[in-house]
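Nothing here was measured: the structure is a model prediction, and the numbers come from that model. Both backbone and side-chain heavy atoms feed into the values below; hydrogens, waters and symmetry mates do not. Indexing begins at 1, ligand by ligand and atom by atom, following the structure's order.
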Amino acid sequence: MGRSPVTVRAPAKVNLALAVGPRRPDGYHDLATVFHALSLYEEVVATTAEDVVVTVEGPGADLVPLDDDNLAVRAARALAEYAGVDARVHLHLRKGVPVAGGMAGGSADAAASLVACDALWHTGLGRAELQTLAGRLGSDVPFALHGGTAVATGRGERLTPALVSGTYHWVVAVPDGGLSTPEVYGELDRMREGDSAGAEADGPVVPPRLLAALRAGDAEALGSTLANDLQDAACRLRPGLRDTLEAGRDLGALGAVVSGSGPSCVFLARDGDHALDLALGLAAAEVCRDVQHATGPAPGARVVA
Ligand code: ATP
């Protein structure tokens, strides 16, 4: 049996639209969202080891747990149990996605870990089985496996691919520090208390105009329909985000939105040159710690070496 190291890449996500229903009795919220995978990648290198071991490098590595709380470790253990093999792997994570940035870097690690361990251990699971395991690990993990652009419902795990024309250029502004996803949802719940109009009565829906813009490859229409129900809650917890969004709009971004629960903000550019101008302008405005240029849609978790 060949046991050479396996390297897998999985993408970051942004939510082009994120509609959040009311808090359910079980504490979760029903979502309707459009996930879009970006060319910012987590890389996971899997090698045979005595047990499951994880090491991490890259920005924010010190914030990532090295025990069974790590989503990549949980993915490896879940796959081993499902396939009936011993969980023996060293997972080395190279963080290319901001930690706790609302871009699902941990979920990308989990998706990459599933694909890497499946290859390393020769368990030969099909995509459908990996998707099922991914759905058990977290609501963003199935999309990190899938990639591209997809409409998601439920807690985010029920995916339907979306039709997309062309490639979009994005600038990602990463502020200092992260935001806790449960805290942002908690803030939204508080904002909606006593405001029955705040939560959508018929359940959350994705704006049809946004899907039409993606089908047509119309960046301007897409920029004007970006929407995120968590944005106001994230901005209340981190008021500086309003300045970041405003700075991008002033620089001519076609659209500006907080990614998921934040605090990363994404800006849609007209093309690659415009993205570089936007990135330089945002860096000069000193409204964030880091600025990155990315394109989407990007492919889902796949073996690269
Ligand atoms: P969420 O998926 O909760 O919206 P996020 O996209 O904002 O999160 P992540 O970087 O995915 O941000 O992870 C958030 C938290 O999950 C981290 O603060 C960390 O404590 C924990 N975590 C568990 N496993 C990982 C991992 N492999 N990489 C990064 N964080 C991880």
Closest to atom 4 (O) of ligand 1 among protein heavy atoms sits T181 OG1, 2.9 Å
Restricting to heavy atoms, the pick from D67, D109, V64 nearest atom 27 (N) of ligand 1 would be D109
Using non-hydrogen atoms of the residue, decide whether G260 is closer than 4.0 angstrom to ligand 1. no
Does even one non-hydrogen atom of P65 get within less than 4.0 Å of ligand 1? yes
Value for CG (L251) from CZ (F267), rounded to nearest 0.5 Å, stands at 8.5 Å
Looking only at protein heavy atoms, what sits closest to atom 28 (N) of ligand 1 is K95 NZ, 2.8 Å
When distances are taken from atom 2 (O) of ligand 1, the protein heavy atom at minimum range is D140 OD2, 3.8 Å
Under 4.0 Å from one or more heavy atoms of L71, ligand 1 contributes atoms 23 (C), 24 (N)
Note: ligand 1 atoms sitting under 4.0 Å from heavy atoms of G101 are 7 (O), 12 (O)
for atom 6 (O) of ligand 1, nearest protein heavy atom and its distance come out as A104 N, 2.7 Å
Under 4.0 Å from one or more heavy atoms of M103, ligand 1 contributes atoms 6 (O)
Look at D68 together with R74 and state whether they make a salt bridge at an N to O cut-off of under 4.0 Å.
no
> Does E42 come within less than 4.0 angstrom of ligand 1, counting non-hydrogen atoms of the residue?
Replying inline: no
The closest protein heavy-atom partner of atom 23 (C) of ligand 1 is D69 O, 3.5 Å
Should we say atom CZ of R209 is surrounded by more than 12 heavy atoms from elsewhere, each under 6.0 Å from it? no
| query | Going by an N to O cut-off under 4.0 Å, is there a salt bridge joining D232 and R192? | reply | no
In short, L282 meets G248 closest at the heavy-atom pair CD2-N, 3.8 Å
One finds that the ligand 1 atoms under 4.0 Å from a non-hydrogen atom of L93 are 27 (N)
Output for pair (C265 SG, E246 CD), nearest 0.5 Å, gives 11.5 Å
Between the CZ atom in R23 and the CG atom in D30, the distance rounded to the nearest 0.5 Å is 13.0 Å
Margin query: Does atom CD (E81) have a neighbourhood of more than 12 heavy atoms from anything else shown, all under 6.0 Å?
Written below: no
H293-H169 side chain donor-acceptor pair, cut-off 3.5 Å: yes
Taken to the nearest 0.5 Å, the spacing of N15 CG from Q231 CD works out to 11.5 Å
Residue, atom and distance of the protein heavy atom nearest atom 17 (C) of ligand 1 read V99 CG1, 4.3 Å
In this structure, OG1 of T47 is separated from NE2 of H90 (nearest 0.5 Å) by 5.5 Å
closest protein heavy atom to atom 7 (O) of ligand 1 is G102 N, 2.8 Å
re atom 11 (O) of ligand 1, the protein heavy-atom contact at minimum distance is G106 N, 2.7 Å
Looking at A100, A108, A110, the heavy atom closest to atom 9 (P) of ligand 1 belongs to A100
Under 4.0 Å from atom 15 (C) of ligand 1, is there any protein heavy atom? no
